J.: 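Pasting in a structure now, in structure tokens, and then I'll have a few things to ask.
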Amino acid sequence: MKQKVLVIINEIRAAKSLGPVAELKEETRLREDLSLTSFDLAELTVKIEDEFDIDIFEDGLVNTVGEIIEKLSK
Amino acid sequence: MVFLYDAETYSYEELLNAISGSGEYCPLFKSKELFPYFANLVKALAAGMPLILIDSDINASEIDGVSEEDINVKKRFEAKYYSSMDDVVAALQQSQSEITIFTSGTTGQPKKVVHSISTLTRAVRQGKRYAGQIWAYAYNPTHMAGLQVFFQAFENQNTLVNVFGKAREEVYQQILDKQITHISATPTFYRLLLPFEKSYESVVRVTLGGEKSDQHLYDAIGRIFPNAKINNVYASTEAGSLFAAKGDCFQIPETIRDKFKVVDDELLIHKSLLGSSESFHFSDDFYHSGDLIEWVDKEAGLFRFKSRKNELINVGGYKVNPGEVENAIMEIDCVRQALVYGKANSILGNVLCADVQLEEGFALTELEIKKFLASQLQDFKIPRRIKFVEEMSLTRTGKLKRS
């Protein structure tokens, strides 16, 4: 699951001409560490929803990779 | 003289025989067959009888005020006798019939609009110079565009070749076989004819309507039909035909310029130009057309359509015109058709998505499309999720299905 999220994040970064991230840590912050804008986060939610059928932002902001994994594990 | 080529061939003689001396018609006729539909239509109009036009596949429950038991019920009237088709055309032109048509219902329930022959045939040109034309009939016959083409062809006793809903190969076959001279259809129809493989010399006029088109498409059409003049028409279910086209621009005729207003880029039309409908809401006698325009030359009344108002997608506070993004995607050579739409999203309100149909045998990645668009468009206009599809869905009136 973490691997799939990594693939999606790297797809988003590639479109912005940013290099791929090698691995994701629990405390990695989406905006500050991965340089994702709100548009990127929107894309992230749509693609994660396509894959896992869960809207991770449904009940509030998600700031770190750890929080994404938590929502997907429910 | 052939009237209609469909599964069978029908002459004007046969049409005349179907109408003359008959005192029976269906006010609410539902049929999958084009000839009986037209015969019923012409018979009723020539005799001044009222008609309600419904799609061949509609369910009465989908339309307010139409009940299943009234469909295809025959009604009697005083039979008229016509000695020639000229007499029928003349009778039709002076008809006082009330003709009820419905919008295609893309935004909810179909809306009912009542027209007269005068509002329905405002743009028809009749005369010797229009004789002998052979039309590809590419519209739904129960809606405004299909009626516009029908009346233009019928009043000049031209030939119609039914290609509505037909596959690409068959359309080309008919163009060649019947030596079609005139085609009037939606941009979506023409895109389905791409890519260019060979040219067809018989076509002298290509008309586009119903959707916004683009230069890329005009260029492609120009290659497939090298002898054709290309023009646009604007006709709505509410108003019929209103403007003359000048390339991809339209011009408001000087004589009726006071019947139009533009407020917040939206075209407003005076009620005197419309058919009648309970669903029309007027602000100071003006109707909101829902079409957003931009002036090319305000003094001369020259303008261009930008988009439908309700098609604009709000993405993170930015309003995106899906047509503009679709055109950009279709600049890519191997893309046949693109549909851009919004998907509800908790962060941005809507996320911009695109369905892309590629030409056969080609491959393209989402990343390649995004990189290309980044050189053409601002960031917020770039679709974030791109799916590759085999086919596009169309509405009842042959336009791209947007919801």
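Lettering of chains follows the sequences in order, A, B, ..., and the numbering in each one begins at 1. Not measured: the values here are computed from a predicted model.
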J.: Supply the atom-to-atom distance B/Lys370 NZ to A/Lys16 NZ, rounded to the nearest 0.5 angstrom.
T.: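 Output value for this atom pair is 11.0 Å.
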J.: I'd like to check B/Arg385 versus A/Glu49 (side-chain heavy atoms, cut-off strictly below 4.5 Å). Are they in contact?
T.: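 They are not in contact (no side-chain heavy atoms under 4.5 Å apart), so the answer is no.
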J.: Is B/Phe388 atom CZ crowded by more than 12 heavy atoms from other residues, nucleotides or ligands, each under 6.0 Å away?
T.: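 Buried by this count: over 12 neighbours within 6.0 Å.
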J.: Looking at B/Leu348 and A/Ala42, what are the two nearest heavy atoms and their distance?
T.: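 In this case the closest contact between B/Leu348 and A/Ala42 is CD1-CB, 3.4 Å.
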J.: Can you confirm whether B/Glu360 is buried at CD, in the sense that more than 12 heavy atoms of other residues, nucleotides or ligands lie under 6.0 Å from that atom?
T.: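 It does not: B/Glu360 CD has 12 such atoms or fewer within range.
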J.: Of the listed residues (B/Ile382, B/Asp379, B/Asn345, B/Leu352), which shares the most heavy-atom pairs with chain A below a 4.5 Å separation?
T.: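 It is B/Asn345.
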J.: If you count every heavy atom of other residues, nucleotides or ligands that lies below 6.0 Å from A/Asp53 atom CG, does the total exceed 12?
T.: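 Not buried by this count: 12 neighbours or fewer within 6.0 Å.
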J.: Taking CZ in B/Phe196 as the centre, count heavy atoms belonging to other residues, nucleotides or ligands within less than 6.0 Å. Is the count above 12?
T.: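 Atom CZ in B/Phe196 is crowded, with more than 12 foreign heavy atoms closer than 6.0 Å.
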J.: Kindly check if the number of other-residue, nucleotide or ligand heavy atoms within 6.0 Å of CZ (B/Arg168) is above 12?
T.: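 Atom CZ in B/Arg168 is packed in, count exceeds 12.
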J.: Does B/Asp264, at its CG atom, have more than 12 non-hydrogen atoms belonging to other residues, nucleotides or ligands within less than 6.0 Å?
T.: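 12 or below, so no.
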J.: Give the minimum heavy-atom separation between A/Glu43 and B/Glu366, together with the two atoms involved.
T.: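 Looks like OE2-OE2, 4.2 Å.
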J.: Ignoring hydrogens, what is the shortest heavy-atom contact between B/Lys371 and A/Ser17? Give both atom names and the distance.
T.: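 Closest approach of B/Lys371 to A/Ser17: NZ-OG, 2.9 Å.
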J.: Select one option (side chain, backbone, both, neither) describing which atoms of A/Asp50 are under 4.5 Å from chain B's heavy atoms.
T.: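 It is the side chain, since no backbone atom gets that close.
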J.: Could you point out which residue of A/Thr45, A/Val62, A/Asp55 forms a side chain to side chain contact (heavy atoms under 4.5 Å, CB included) with B/Ile347?
T.: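 Exactly one pass, corresponding to A/Thr45.
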